[in-house]
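All remarks here apply to the structure that follows.
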Amino acid sequence: KDGRVLPPSLTDTTRPAPSSLPSFMYKDLLPGAATENQVIAALGNPIRKEAETAGATLVYPSGIGVRPVLILVDSAGTATLIREPLSETTIFTAASQGLGEPDLVLYGHFAQLGYRLFVYLPHGVALLANPETQDTRERWYFPPDTGADVFRRVFAPGFETSPPPEDQE
(Lines give C-alpha, C1' and ligand atoms only; values in the text may rest on other atoms or scores of the structure.)
Protein backbone atom coordinates (compact mmCIF):
# COMPACT_ATOMS: atom_id res chain seq x y z
CA LYS A 1 0.00 0.00 0.00
CA ASP A 2 2.59 2.57 1.03
CA GLY A 3 5.35 1.43 -1.31
CA ARG A 4 7.74 0.15 1.36
CA VAL A 5 10.05 -2.52 -0.01
CA LEU A 6 12.11 -4.47 2.46
CA PRO A 7 15.75 -4.84 1.42
CA PRO A 8 17.43 -8.24 1.46
CA SER A 9 19.43 -7.20 4.54
CA LEU A 10 16.23 -7.32 6.61
CA THR A 11 15.22 -10.75 5.38
CA ASP A 12 18.64 -12.38 5.18
CA THR A 13 18.88 -14.95 7.97
CA THR A 14 22.66 -15.29 7.48
CA ARG A 15 23.42 -11.73 8.64
CA PRO A 16 25.74 -11.37 11.62
CA ALA A 17 24.37 -11.42 15.15
CA PRO A 18 23.28 -8.06 16.54
CA SER A 19 25.71 -6.08 18.66
CA SER A 20 26.24 -6.87 22.32
CA LEU A 21 24.11 -3.86 23.31
CA PRO A 22 20.75 -4.77 24.83
CA SER A 23 18.02 -5.18 22.24
CA PHE A 24 14.42 -4.37 22.97
CA MET A 25 11.67 -6.90 22.42
CA TYR A 26 7.91 -6.65 22.43
CA LYS A 27 6.38 -9.53 24.40
CA ASP A 28 9.49 -11.68 23.72
CA LEU A 29 9.29 -10.96 19.97
CA LEU A 30 12.52 -9.66 18.43
CA PRO A 31 12.05 -8.00 15.04
CA GLY A 32 14.27 -9.53 12.40
CA ALA A 33 14.12 -12.90 14.17
CA ALA A 34 10.43 -13.49 15.00
CA THR A 35 8.26 -15.01 12.28
CA GLU A 36 4.64 -14.22 11.54
CA ASN A 37 3.71 -17.62 12.99
CA GLN A 38 5.57 -16.79 16.22
CA VAL A 39 3.77 -13.44 16.41
CA ILE A 40 0.41 -15.17 16.05
CA ALA A 41 1.40 -17.84 18.58
CA ALA A 42 2.37 -15.13 21.09
CA LEU A 43 -0.41 -12.60 20.45
CA GLY A 44 -3.23 -14.57 18.82
CA ASN A 45 -4.86 -13.73 15.52
CA PRO A 46 -4.65 -10.07 14.51
CA ILE A 47 -7.85 -8.03 14.35
CA ARG A 48 -6.83 -7.10 10.83
CA LYS A 49 -4.14 -7.95 8.29
CA GLU A 50 -3.30 -5.24 5.76
CA ALA A 51 -1.49 -6.19 2.56
CA GLU A 52 1.67 -4.19 1.84
CA THR A 53 3.89 -4.03 -1.25
CA ALA A 54 6.37 -6.50 0.26
CA GLY A 55 4.48 -8.27 3.03
CA ALA A 56 1.72 -7.28 5.44
CA THR A 57 0.91 -5.29 8.55
CA LEU A 58 -0.68 -7.23 11.41
CA VAL A 59 -2.95 -5.05 13.55
CA TYR A 60 -3.54 -5.90 17.23
CA PRO A 61 -5.45 -4.11 19.99
CA SER A 62 -3.12 -2.32 22.39
CA GLY A 63 -5.33 -1.47 25.33
CA ILE A 64 -4.27 2.18 24.83
CA GLY A 65 -7.43 3.79 23.48
CA VAL A 66 -8.02 3.10 19.80
CA ARG A 67 -4.31 3.15 18.86
CA PRO A 68 -3.32 -0.37 17.76
CA VAL A 69 -0.07 -2.29 17.88
CA LEU A 70 1.22 -2.54 14.30
CA ILE A 71 3.56 -5.35 13.23
CA LEU A 72 5.17 -5.16 9.80
CA VAL A 73 5.93 -8.59 8.33
CA ASP A 74 8.05 -8.90 5.20
CA SER A 75 7.32 -11.19 2.25
CA ALA A 76 9.50 -13.92 3.81
CA GLY A 77 7.24 -13.96 6.89
CA THR A 78 9.63 -12.19 9.29
CA ALA A 79 8.41 -9.47 11.65
CA THR A 80 10.62 -6.46 10.91
CA LEU A 81 8.95 -3.58 12.77
CA ILE A 82 6.66 -3.42 15.80
CA ARG A 83 4.98 -0.11 16.70
CA GLU A 84 3.61 -0.08 20.24
CA PRO A 85 1.44 2.80 21.53
CA LEU A 86 2.40 3.92 25.03
CA SER A 87 0.21 5.23 27.82
CA GLU A 88 -0.03 8.94 28.46
CA THR A 89 1.99 8.48 31.64
CA THR A 90 5.13 7.24 29.83
CA ILE A 91 7.88 9.82 30.44
CA PHE A 92 10.48 10.31 27.67
CA THR A 93 13.50 10.57 29.99
CA ALA A 94 12.52 7.33 31.73
CA ALA A 95 11.77 5.52 28.44
CA SER A 96 15.10 6.59 26.92
CA GLN A 97 17.20 5.98 30.04
CA GLY A 98 20.38 4.04 29.27
CA LEU A 99 20.05 4.43 25.50
CA GLY A 100 22.51 7.30 25.11
CA GLU A 101 22.14 9.90 22.40
CA PRO A 102 19.84 9.00 19.49
CA ASP A 103 21.45 8.07 16.17
CA LEU A 104 18.63 9.84 14.31
CA VAL A 105 16.03 12.43 15.20
CA LEU A 106 13.24 12.42 12.65
CA TYR A 107 10.26 14.71 12.12
CA GLY A 108 6.91 13.32 10.98
CA HIS A 109 3.22 14.19 11.03
CA PHE A 110 3.26 15.04 14.77
CA ALA A 111 6.21 17.46 14.43
CA GLN A 112 4.04 20.55 14.77
CA LEU A 113 2.89 19.22 18.14
CA GLY A 114 6.52 18.94 19.26
CA TYR A 115 6.95 15.20 18.67
CA ARG A 116 10.13 13.72 17.23
CA LEU A 117 11.12 10.15 16.47
CA PHE A 118 14.29 9.43 18.47
CA VAL A 119 16.00 6.42 16.88
CA TYR A 120 18.57 4.29 18.74
CA LEU A 121 19.86 2.03 15.97
CA PRO A 122 22.19 -0.30 17.95
CA HIS A 123 19.38 -1.03 20.43
CA GLY A 124 16.70 -1.61 17.78
CA VAL A 125 14.31 0.87 19.41
CA ALA A 126 12.83 4.28 18.59
CA LEU A 127 10.63 6.57 20.67
CA LEU A 128 8.04 8.98 19.31
CA ALA A 129 8.20 11.66 21.99
CA ASN A 130 7.89 15.35 22.76
CA PRO A 131 11.12 16.30 24.57
CA GLU A 132 9.59 19.50 25.99
CA THR A 133 6.51 17.93 27.58
CA GLN A 134 8.21 14.50 28.08
CA ASP A 135 5.13 12.79 26.57
CA THR A 136 5.95 9.58 24.70
CA ARG A 137 3.34 8.27 22.23
CA GLU A 138 4.98 5.16 20.74
CA ARG A 139 7.89 2.75 21.02
CA TRP A 140 9.10 1.17 17.79
CA TYR A 141 11.06 -2.10 17.76
CA PHE A 142 13.19 -3.09 14.77
CA PRO A 143 16.25 -5.29 14.03
CA PRO A 144 19.19 -3.80 15.96
CA ASP A 145 21.52 -4.09 12.96
CA THR A 146 19.35 -1.81 10.78
CA GLY A 147 21.27 1.06 9.19
CA ALA A 148 20.09 4.68 9.21
CA ASP A 149 19.28 4.80 5.48
CA VAL A 150 17.34 1.53 5.62
CA PHE A 151 15.46 2.67 8.73
CA ARG A 152 14.37 5.91 7.07
CA ARG A 153 13.47 4.30 3.74
CA VAL A 154 11.70 1.19 5.06
CA PHE A 155 10.28 2.06 8.48
CA ALA A 156 9.91 5.85 8.45
CA PRO A 157 9.35 6.95 4.83
CA GLY A 158 7.11 9.85 5.88
CA PHE A 159 9.70 11.29 8.28
CA GLU A 160 12.37 13.90 7.54
CA THR A 161 15.71 14.76 9.18
CA SER A 162 14.77 18.42 9.68
CA PRO A 163 11.63 20.04 11.07
CA PRO A 164 8.95 21.38 8.76
CA PRO A 165 9.71 24.95 7.60
CA GLU A 166 7.13 26.48 9.96
CA ASP A 167 8.93 24.82 12.91
CA GLN A 168 12.36 26.19 12.00
CA GLU A 169 13.51 29.42 13.58
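- R153 and P157 get closest at one heavy-atom pair: O-CB, 3.8 Å.
- Contact of the L99 side chain with the V125 side chain is registered, since non-hydrogen atoms from C-beta on lie closer than 4.5 Å.
- A side-chain contact (heavy atoms from CB on, under 4.5 Å) with W140 is found for one member of L72, I82, L117, L70 and no other, namely L117.
- L104 has its side chain out of reach of F118: every pair of non-hydrogen atoms, C-beta onward, lies at least 4.5 Å apart.
- Side-chain contact between E160 and L106 is absent, with no heavy-atom pair separated by less than 4.5 Å.
- In summary, the side chains of Q134 and T93 do present a donor paired with an acceptor at a separation below 3.5 Å, with no hydrogens or angles considered.
- For the pair N45 and I40, the minimum side-chain heavy-atom distance is below 4.5 Å.
- Two residues are said to be in side-chain contact when any heavy atoms from C-beta on lie closer than 4.5 Å; Y120 and P144 fail this criterion.
- Residue I64 is not grouped with residue L86 when hydrophobic side chains (ILVMFWY) are merged at heavy-atom distances under 4.5 angstrom, including chains of intermediate members.
- Two residues are said to be in side-chain contact when any heavy atoms from C-beta on lie closer than 4.5 Å; F151 and V119 meet this criterion.
- With F110 as the aromatic partner, R137 meets the cation-pi criteria of under 6.0 angstrom to the ring centre and within 45 degrees of the ring axis.
- Side-chain contact, T133 with D135: a donor N or O sits under 3.5 Å from an acceptor N or O.
- Counted by atom type alone, T89 and S87 present one or more donor-acceptor pairs between their side chains at under 3.5 Å.
- Between T80 and D74, the closest heavy-atom pair is CG2-OD2, 3.7 Å.
- Between the CZ atom of R139 and the CD atom of E84 there is a distance of 5.5 Å, given to the nearest 0.5 Å.
- Note on ring orientation: taking the six-membered ring where Trp is involved, the planes of H123 and F24 are perpendicular (angle over 60°, cut-offs 30° and 60°).
- A pairwise comparison of heavy atoms in S62 and V69 identifies CB-CG2, 3.7 Å as the closest pair.
- Ring to ring, Y107 and F159 are not that close: their centroids are 6.0 angstrom or more apart.
- Salt-bridge check for E36 with K49: passed, with a basic side-chain N closer than 4.0 Å to an acidic carboxylate O.
- When side chains are defined from C-beta on, F92 counts as touching L127, because their heavy atoms get closer than 4.5 Å.
- Test T78, V73, I71 against V39 for side-chain contact (heavy atoms from CB on, under 4.5 Å) and you get one pass: I71.
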